[in-house]
*Asks:* 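First, the structure itself, so that you have it in front of you.
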Amino acid sequence: MSVSPLVSIKNLHATAGETPILQGIDLEIGAGEIHAIMGPNGSGKSTLSNVLVGKPGYEVTQGEVSFRGENLVEMDPEIRAREGVFLAFQYPVEIPGVANNYFLRTAVNAIREHRGDEDLDAIDFLNLLKEKMKLVEMPEDMMGRAINEGFSGGEKKRNEILQMLLLEPSFCILDETDSGLDIDALRIVANGVNQMRSSDRAMLVITHYQRLLDYIVPDYVHVLSNGRIVKSGDKSLALELEAKGYGWIDGIDDDAAGVKNGAASAGAPS
Amino acid sequence: MSAAVDSLARLRKNIGTERASSVPATEVATRLETMHTEGIAAFAEIGLPSRREERWKGTNLSALGAMDFARIGTGTAAPNASVVDSLQSVDADLLFVDGRMVRASADRAALPEGTRVLSLFEASLEAPQLVAANLGCLADSKTDALVALNGALFEDVAVIELAPNAKPDRALRIVSYSTSLTGAEGTASASFPRLLVVAGEGAEASVLFENEVKGEAPGYTGLVSEFLLSANARVEFIESQSGPSKRIHVTQTFARVERDAHFDSHIFTLGEGLVRNELSVDLQGPAATTRMHGFFLGSGSAHHDHFTTVDHAAPHCSSDQEYRGVLGDKSAGVFRGRVIVRPGAPKTDARQSNPNILLSDSASIDTKPQLEIYADDIKASHGSTIGQLDTEALFFLRARGIGESDARLLMTRGFAQTIVDGVGDEAARVLIGERVDAALSSLQSSASSMRPGSSPRRDSA
Ligand SMILES: Nc1ncnc2c1ncn2[C@@H]1O[C@H](COP(=O)(O)OP(=O)(O)OP(=O)(O)O)[C@@H](O)[C@H]1O
Ligand SMILES: [Mg+2]
């Protein structure tokens, strides 16, 4: 590549408390690219995304992450968000008492201010919100409710995508946004994501299932195990994993994978 | 004897006869005389509350005992003219300064038939029986020193009468200013506002009572309110208060709720003062209900104490208590809630909850819900929590680009919102919401400038 990648992760090691979890991750994501990350439960996928957005409780012990050439690790979470890093959380939190629409407007304006744009007033914001809500097929009355309070699992995930559409980040990380979605919701979420696809945006899509990748077609697929990327390939790797499980890959952690003789690989040749 | 008792006794020795002779109806005058003499006698006998008493364990009133009062109420003169002038724009049915009515709104005349909002003088002319029969009937001077003090020294009363089925279409608004302007540094003023609300059968109304303080000098405000709700009446009482650090404010509210009636109380305490809010609700008739809600936000070295009692004396009654506290800086909160369920009150449903958030390491809360149940077949729950802001939620907001102090503000506002949203009258809800927001914003901005850990972004390579 002639230009430097949008996101560059080099030899990233991170711990949660005393426990080492990420053990040397190398990954470059160029603008316009979609990378998928798959891997057994507990392999460190959410940890990687949390470290990228600066969640407290994790410590980067080695390596570096640069975003548009800037050192991401040193930035406060809100600065990363304003610079354009976004994570759709695997488990979105509920925040009682804080209305969704009020929260969204505060977030949109925080990001606009950072970019040097003027605040959106209540009416302009409402119009923008309505437009984006249509894309994820969310009913309008959900906006007056507290953030994720009483939302179903699928509604929470759609709400994450709505936030992404409103904030227009340039690096989007989706952590299992497809889990727990019914077939229609999966299509809706995938449409939302595809809306965001553009030549100046990068995406990191974490998933356990090939079916999401039918909708959001990745340029690269990586397998994470034990805090390391143990295999990379193109979209055909996801199909292969679907068919064979993880057991056949060199360097896969047997215990964590649990698939060598387990249900996921039942019927698959090994 | 304490400085306070000395100075109160010295000042306005004649207040009892003065106020009795100021009203035109003899039955009211007699009632006022009695309240004065009983109050003086009881106060002399009981003395100021001390922490040795169980009910005062959480709050130290010695600052009140040490106050050398230079003035009680308006003094012998009329209320301070410059203060009254500065309150021209205050829009209220009745405006009180230092416990005496200084202005009534012209809008008052437009209230629907059967709704009356009156000063003591006016009530003596228009409804002397109502005052003579009800004033002081719930707030007992003989057993409570602070009720006694108010009973002995109040100068005026806001009287609200709701005839049967009266339903005013807007909240009745009373604003009460206590001034701490006159007198040299080190001297204090005391004021004793008082409210009486009598609701006839099926009447429905919201009453907004705002306590304000002008000036920073030390002082004491002792408010006593009584609510009498006949069968099927529904009365909402919204009280707000916000005082400076040297001000002591005591609110004592009593309600008697008869069959199928509903008493809804919302109290909002902001600021830096020493505040004691007492609320005592008697659910006397079958299926009487009450909601007792409060939000308090302590800043500086505020001390906010809530002491509630709900007495379930009849079957099928329900009470819902929720007091939410946010304590910042070096402030302290106290919550003591008593729920009594008498033997004659089966099918009671009593809920009590006191969640609190501490915003700083130096803030504290002392909370003790208390159930006393003497009946079978009831539902009761109580709980209190003390926590910091949820760190997961805080991080979520930051991960969406919202700065840390704004994120904290959003969350504390969210915590208060439940109580604000409970206010039924829309105009009052908006007004209170704005005040709570403003108080939260100023607390957050003072807190975040001192907080470690919110260091600015370091330069990146
Ligand atoms: N804050 C933490 N403290 C201690 N251990 C942690 C913490 N966060 C993650 N871990 C551990 O790190 C490992 C990786 O967790 P992570 O959530 O990143 O896995 P994952 O790949 O996202 O799994 P899944 O597919 O189940 O979502 C797990 O063993 C987990 O228990
Ligand atoms: Mg995960």
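All values below come from the heavy atoms of this structure, side chains included, with hydrogens, waters and symmetry mates left out.
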*Asks:* Which atoms of A/Glu149 are under 4.5 Å from chain B, going by heavy atoms: the side chain, the backbone, both sets, or neither?
*Replies:*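 Neither part.
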*Asks:* For chain A, which residues from residues 380-396 of chain B have at least one heavy atom closer than 4.5 Å to it?
*Replies:*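 Residues in range: B/Glu392, B/Ala393, B/Phe395, B/Phe396.
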*Asks:* Determine the option with the most heavy-atom pairs under 4.5 angstrom with chain B, choosing from A/Pro77, A/Ala146, A/Ala110.
*Replies:*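 Sorted descending by pairs with chain B, the first entry is A/Pro77.
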*Asks:* Might you point out which heavy atoms bring B/Glu404 and A/Glu78 nearest each other, and give the distance in Å?
*Replies:*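 It is N-OE2, 3.3 Å.
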*Asks:* Taking C-beta and beyond as the side chain, do B/Leu410 and A/Ile95 meet within less than 4.5 Å on heavy atoms?
*Replies:*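 The answer is no, as the side chains (C-beta and beyond) never meet within the 4.5 Å cut-off.
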*Asks:* Below 4.5 Å, heavy atoms only, C-beta onward: do A/Thr106 and B/Leu397 meet side chain to side chain?
*Replies:*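 No. Closest side-chain heavy atoms not under 4.5 Å.
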*Asks:* With a 4.5 Å cut-off on side-chain heavy atoms, are B/Arg398 and A/Asp76 touching?
*Replies:*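 Of all side-chain heavy-atom pairs linking B/Arg398 with A/Asp76, at least one is under 4.5 Å.
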*Asks:* Does a sphere of radius 6.0 Å around CG in B/Asp361 hold more than 12 heavy atoms from other residues, nucleotides or ligands, not counting ones at 6.0 Å or beyond?
*Replies:*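 Open.
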*Asks:* Counting heavy atoms not belonging to B/Gln370, are there more than 12 under 6.0 Å from its CD?
*Replies:*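 Atom CD in B/Gln370 is packed in, count exceeds 12.
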*Asks:* Does the A/Arg82 side chain pair with the main chain of B/Gly401, one donor and one acceptor, at a distance under 3.5 Å?
*Replies:*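 Side chain of A/Arg82 to backbone of B/Gly401: a pair is present.
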*Asks:* Take a 6.0 Å sphere around OH of A/Tyr102 and say whether it holds more than 12 heavy atoms from other residues, nucleotides or ligands.
*Replies:*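 No.
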*Asks:* If you look at every heavy atom in A/Ala81 and B/Ala399, which pair is closest and at what distance?
*Replies:*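 Distance-wise, the nearest heavy atoms are CB-O, 3.2 Å.
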*Asks:* What's the separation between atom CZ in A/Phe103 and atom CZ in B/Arg400, rounded to the nearest 0.5 Å?
*Replies:*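 Going from the CZ atom of A/Phe103 to the CZ atom of B/Arg400 covers 6.0 Å.
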*Asks:* For A/Leu166, is it the side chain, the backbone, both, or neither that has a heavy atom closer than 4.5 Å to a heavy atom of chain B?
*Replies:*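 Contact with chain B is absent: no heavy atom of A/Leu166 under 4.5 Å.
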